[in-house]
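Below is one structure; the comments refer to it alone.
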Amino acid sequence: MDSVRRHLLKVAGLFAASRAFANDQQGTTMQPSPVKPRHVLCFLGKDEGLLHPPKAAAKTIADFNFEIDRTYSQAKPDPHMERSFGVCWDRVFPKAWSEADEAAVFNHKAVLYVLSPPMEQQKTIAYSAAALRIVEEMIEAGATAVKGESAGVAHGLSRWMQLARDCKAAAKTNQGLTVTAAMGRTCRLAFAKRPLGGDTYNESVGFHLVGLPDIYVAKSRGSDRDAVKLMDEIADAMAERGIEATLRDRKLALSREQDYAEGDFKFNPYGIIRIGA
């Protein structure tokens with residue numbers, strides 16, 4: 001077992017809170033939600049072999065307490081996948097997918113869903129890093145396309161593999177292996193979607209998968225690219241300095257109000273930060 005894998009297993013069970021969560025898990029007086037986020041990973045493949053991952057990948061799934069959803073996985077194409085991936089492709093990172101990735105979605109013959117356990121806030125980064133490890137091993141085992149259902153985000157296979165490498169590299173510090181802000185940022189780039197254009201705000205979805213509130217930026221502040229830059233800046237600050245300190249310094253507040261119901265995988269139990277004009 002390699003050192004990063006061993007470390008993630010340890011962190012998922014025994015985790016000393018990082019700065020983002022130390023003493024300020026909800027950041028303000030907002031009452032905590034009982035909802036715990038979950039990853040839903042969607043894999044596409046060339047044949048029904050996808051539904052039976054090889055021993056090494058199956059062991060990784062089990063070791064991190066993830067599970068295969070046998071109810072919705074299927075050994076046949078899903079006619080909705082082409083449209084779903086079309087909506088979910090990451091349009092922020094340059095060339096995040098290719099025509100070959102689009103063709104893989106169009107030509108898929110099987111669908112596999114893998115679920116994480118419900119995640120405590122302090123363990124979201126560790127479990128998200130584990131999710132990236134599973135993505136990496138499933139691609140190596142032959143998966144042809146991958147989508148994070150909990151936020152509705154997809155990348156091409158090359159981008160997924162780069163994110164997995166970046167995450168492993170970010171765990172290594174001069175003090176040894178640890179959960180770092182850089183790790184959390186990589187997981188956020190992997191599994192969160194931004195910007196989603198609402199009537200009034202450009203919105204993020206999926207920041208709860210790294211233990212952070214989502215960020216809504218008023219459209220009147222500028223372009224969607226400007227909104228992404230501000231979302232990432234504030235999320236990075238929360239990961240480095242803590243949620244409460246960042247909100248206080250920027251004179252921001254958390255709100256529970258959001259469009260997603262508590263039973264929705266996109267529901268953020270840590271709240272929403274709205275930034276006005």
Do any N or O atoms from the side chain of [X] and from the backbone of [Y] form a donor-acceptor pair under 3.5 angstrom?
| X | Y | result |
| --- | --- | --- |
| Ser150 | Arg38 | yes |
| Ser255 | Ile272 | no |
| Glu262 | Val35 | no |

**Item:** Residues forming a salt bridge (Lys or Arg N to Asp or Glu O under 4.0 Å) with Glu136, sequence neighbours excluded
**Value:**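 Salt bridge (Lys or Arg N to Asp or Glu O under 4.0 Å) list for Glu136, sorted by chain: Arg133, Lys168.
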**Message:** Check this for me: Arg83, atom CZ, are more than 12 non-hydrogen atoms of other residues, nucleotides or ligands nearer than 6.0 Å?
**Reply:**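 Counting other residues, nucleotides and ligands, CZ of Arg83 stays at 12 neighbours or fewer.
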**Request:** Could you please spell out the steps behind the side chain to side chain contact (heavy atoms under 4.5 Å, CB included) verdict for Thr124 and Tyr127?
**Result:** CA-CA 5 Å; Thr124 49; Tyr127 274 118; 6.0 Å; no
**Item:** Pro213 and Ile243, any side-chain heavy atoms less than 4.5 Å apart
**Value:**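 Of all side-chain heavy-atom pairs linking Pro213 with Ile243, at least one is under 4.5 Å.
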**Item:** Sub-4.5 Å side-chain heavy-atom contact between Phe207 and Ile215
**Value:**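 Yes; the side chains approach each other to less than 4.5 Å.
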Validation: residues 40-56 side-chain donor-acceptor distances under 3.5 Å, sequence neighbours left out:
residue: Asp47; atom: OD1; partner: Gly49; partner atom: N; Å: 2.8

**Salt bridge flag under 4.0 Å for residues Arg159 and Asp101** =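 A salt bridge is absent here (no side-chain N lies under 4.0 Å from a carboxylate O).
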**Request:** Answer yes or no on whether Lys219 is positioned over the face of Tyr201, meaning its NZ or CZ is under 6.0 Å from the six-membered ring centre and within 45° of the axis.
**Result:**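 The answer is no, since Lys219 fails at least one limit relative to Tyr201.
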**Item:** Of all pairs that satisfy ring-ring contact (aromatic ring centres under 6.0 Å, His included), the ones with a partner from residues 150-191, not counting sequence neighbours
**Value:**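 Listed once each, the pairs are His39-Phe191, His155-Trp160, Trp160-Phe191.
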**Message:** As a quick check of understanding, evaluate side-chain hydrogen bond (donor to acceptor under 3.5 Å, both in side chains) for Asp166 and Gln162, giving each step before the final call.
**Reply:** CA-CA 6 Å; Asp166 290 349; Gln162 182 62 56; 2.7 Å; yes
